[in-house]
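One-based numbering, in listed order, for ligands and for the atoms of each.
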Amino acid sequence: MDLSLSRNPPPLCLSKTSYTRSRYLLSVPLSNFPNLNLKPRIFSGKLLLWRHNHPIRAQKSDHTIDDGFELEDVPHLTNFLPDLPSYPNPLHRSQAYAIVKKTFVSPEDVVAHKIVVQKNSPRGVHFRRAGPRERVYFNSEEVRACIVTCGGLCPGINTVIREIVCGLNYMYGVDDILGIEGGYRGFYSKNTMQLMPKTVNDIHKRGGTILRTSRGGHDTNKIVDNIQDRGINQVYIIGGDGTQKGAAAIYKEVEKRGLKVAVAGIPKTIDNDIAVIDKSFGFDTAVEEAQRAINAAHVEVESVENGVGIVKLMGRYSGFIAMIATLASRDVDCCLIPESPFYLEGQGGLFEFVEQRLKENGHMVIVLAEGAGQEYVAQSMHVVDGKDASGNRLLLDVGLWLTQKIKDHFMEVRKMPINLKYIDPTYMIRAIPSNASDNVYCTLLAQSAVHGAMAGYTGFTVGPVNSKHAYIPIARVTETQNIVKLTDRMWARLLASTNQPSFLHNSEMMKEKLDRDTLDVINEMKINSI
Ligand SMILES: Nc1ncnc2c1ncn2[C@@H]1O[C@H](COP(=O)(O)OP(=O)(O)OP(=O)(O)O)[C@@H](O)[C@H]1O
Ligand SMILES: O=P(O)(O)OC[C@H]1O[C@](O)(CO)[C@@H](O)[C@@H]1O
Ligand SMILES: [Mg+2]
């Protein structure tokens, strides 16, 4: 349909303030907006409107658009500071980019959220492609950047810190970079440290974060007061879903105060629970480290009679580490994750399966995500839910619980002696330095974040979407959590690989779960086809 037919387009079509699921108007009569200095551009064969070199976003309206193209754009400083001057990107003179065919990302480059499509399906949601832009909105000398790390540890945080510092300095000549110590609360309660390429040179070889981290303590006003007092104008925030919510709040407050401060989020989570992006950094390293624990369990149990190994891995709400570590290992007989309820007794239950594997092979290994079966543990321990400083539920030790249950069942009920070995390497898989491929990934994330902030984008999270790095509105990555979808093929691949029970039999909980998953899928399809 052609939106240009209306002589009086609804005014909301040109609003581009807060984040909404939004899409471009593909065609609007220029004569309707004589005062806006609009320039028409062709985008995928369609007419778009641009101002200050930035496309104007149209908010979601009742109109449907013929090819279903949607851009979920990120905010730009000029949205609320329209007169900001811009400068040629110093990369024009960079020897690193001297012979690159296309140094700058075209403003028209976007990354598709879904790449498996059918001939007639709408083009769907897209994100702005990450990378350097022709013009930047900061002079090198004027930049005062800061970096903060929040939430749990993850392999690669130090690499991201290093590459932000080196990227800002080597590519953009920035030499005023502060490290905020101890997470969000560090803005108002701790000292800062000056970061230079020399001081961060070999930090990528260490696990953890040289800036240290914390949970809780997010006080938006105090943080933004501090940003303002210190004259900081670029804020790089490395952290998980909670941290990204905090980053969104900081961005909103900055916008409200009309400050020239770019807020960039770099997603960090060992659990891989951040939506939209392909995978979070450090995840591969953690999976690799988990192999060592699984291998140890396997060696132990195959050397004894009726050996049962249990390995507990991280994964609060999302069982990705357990699932991928299981798929990688081939020594695992059964994987239990939070998304897939299981049961112990009776036909199709875990005890029956353990006994069967012991009879067949003489040993077996179970990999358990820490968030699995929490409801059972809570029932048997009669404990009240605890919370950490950020409000995350504190988990009960499902590994110890399962160990005891299996022992009781085989020793006392079945009168069958077993040799049970419980391995809990939880913190070991996240406290190590990142491996080679995660180091490369961290470098790309850091450089993309730097390019985005220098180009004046703000309120964005950077990350790979279908292998192409993109700028994603923060709200988009915090509105849902990435979990293992039992209705996707990956879980089926795992079941096919381990040949474990799916625990579908007799499980009311599983039925509800599948209904919910199906609903999610239907809702997602609806959103994508609006
Ligand atoms: N809704 C929110 N609004 C503002 N700040 C938040 C919010 N949720 C969490 N935070 C802050 O973000 C920081 C990190 O949150 P959290 O401890 O949940 O870890 P995370 O970033 O989710 O990382 P991970 O889950 O990988 O450990 C904390 O300082 C917390 O106060
Ligand atoms: O003990 P901490 O540091 O609070 O972190 C534990 C949690 O952090 C994570 O590593 C990431 O959210 C979870 O897997 C785990 O439950
Ligand atoms: Mg989290």
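Taking every non-hydrogen atom of Y427 and a distance limit under 4.0 Å, the qualifying atoms of ligand 2 come out as 1 (O), 2 (P). Within ligand 2, the atoms closer than 4.0 Å to a non-hydrogen atom of G315 are 14 (O), numbered from 1 in the order shown. Of all atoms in ligand 1, listed by their number and element, those nearer than 4.0 Å to a heavy atom of N392 are 16 (P), 17 (O), 18 (O). Applying the 4.0 Å criterion to heavy atoms of G242 picks out, from ligand 1, the atoms 6 (C), 7 (C), 8 (N), 9 (C), 10 (N), 11 (C), 12 (O), 15 (O), 18 (O), 20 (P), 21 (O), 22 (O). Within ligand 1, counting atoms from 1 as listed, the ones closer than 4.0 Å to a heavy atom of K268 are 23 (O), 24 (P), 26 (O), 27 (O). Near Y184, with a cut-off below 4.0 Å to any heavy atom, the atoms of ligand 1 are 11 (C), 12 (O), 13 (C), 29 (O). Close approach of ligand 2 to M314 is summarised as follows: ligand atoms under 4.0 Å from at least one heavy atom of the residue are 10 (O), 14 (O). Set against the non-hydrogen atoms of G240, the atoms of ligand 1 under 4.0 Å away are 20 (P), 21 (O), 22 (O), 23 (O).
At least one heavy atom of G216 sits less than 4.0 Å from an atom of ligand 1. Using a 4.0 Å cutoff on heavy atoms, T269 does not count as a contact of ligand 2.
Taking atom 14 (C) of ligand 1 as the reference point, the nearest protein heavy-atom neighbour is T243 OG1, 3.3 Å. Scanning all protein heavy atoms for the shortest distance to atom 15 (O) of ligand 1 gives S390 OG, 3.5 Å. The protein atom (non-hydrogen) at minimum distance from atom 22 (O) of ligand 1 is D241 OD1, 2.5 Å. Protein heavy atom at the shortest distance from atom 2 (C) of ligand 1 is K245 CB, 3.6 Å.
Considering Y172, Y471, Y457 as possible partners of H451, the one that fulfils the ring-ring contact (aromatic ring centres under 6.0 Å, His included) test is Y172.
At under 3.5 Å, not a single nitrogen or oxygen of G151, backbone or side chain, sits near a nitrogen or oxygen of ligand 1. Backbone and side-chain nitrogen or oxygen atoms of D388 are examined, and none is located within less than 3.5 angstrom of a nitrogen or oxygen of ligand 1. The N/O atoms of D271, backbone and side chain alike, include one that comes under 3.5 Å of an N/O atom in ligand 2.
Between R493 and D488, no side-chain nitrogen of the basic residue sits less than 4.0 Å from a carboxylate oxygen of the acidic one, so the salt-bridge criterion is not met. For E181 and R212, the salt-bridge test passes: some basic side-chain N is under 4.0 Å from an acidic carboxylate O. Using a 4.0 Å cut-off between charged nitrogen and carboxylate oxygen, R292 and E289 count as a salt-bridge pair.
Between the side chains of D271 and S318, no donor-acceptor pair is found at a separation under 3.5 Å. Counting only N and O atoms by type, the side chains of T461 and Q244 include a donor and acceptor under 3.5 Å apart.
Protein N/O/S atoms found under 2.8 Å from the Mg ion (ligand 3), listed by chain and residue number: D241 OD1.
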- Please walk me through it: do Y236 and Q234 pass side-chain hydrogen bond (donor to acceptor under 3.5 Å, both in side chains)? CA-CA 7 Å; Y236 295 91; Q234 291 187 4; 2.7 Å; yes

- Test D241 against Y317 for side-chain hydrogen bond (donor to acceptor under 3.5 Å, both in side chains), laying out the working first. CA-CA 12 Å; D241 56 333; Y317 305 111; over 6 Å; no

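The closest heavy-atom contact to atom 5 (N) of ligand 1, among the options R316, R215, H218, M314, comes from H218. Summarising the contacts of atom 13 (C) of ligand 2 with K268, R393, R430, E370, the nearest heavy atom is found in E370.
Figure legend: K260 and F138 shown as a cation-pi pair, the cationic atom lying under 6.0 angstrom from the six-membered ring centre and within 45 degrees of its axis.
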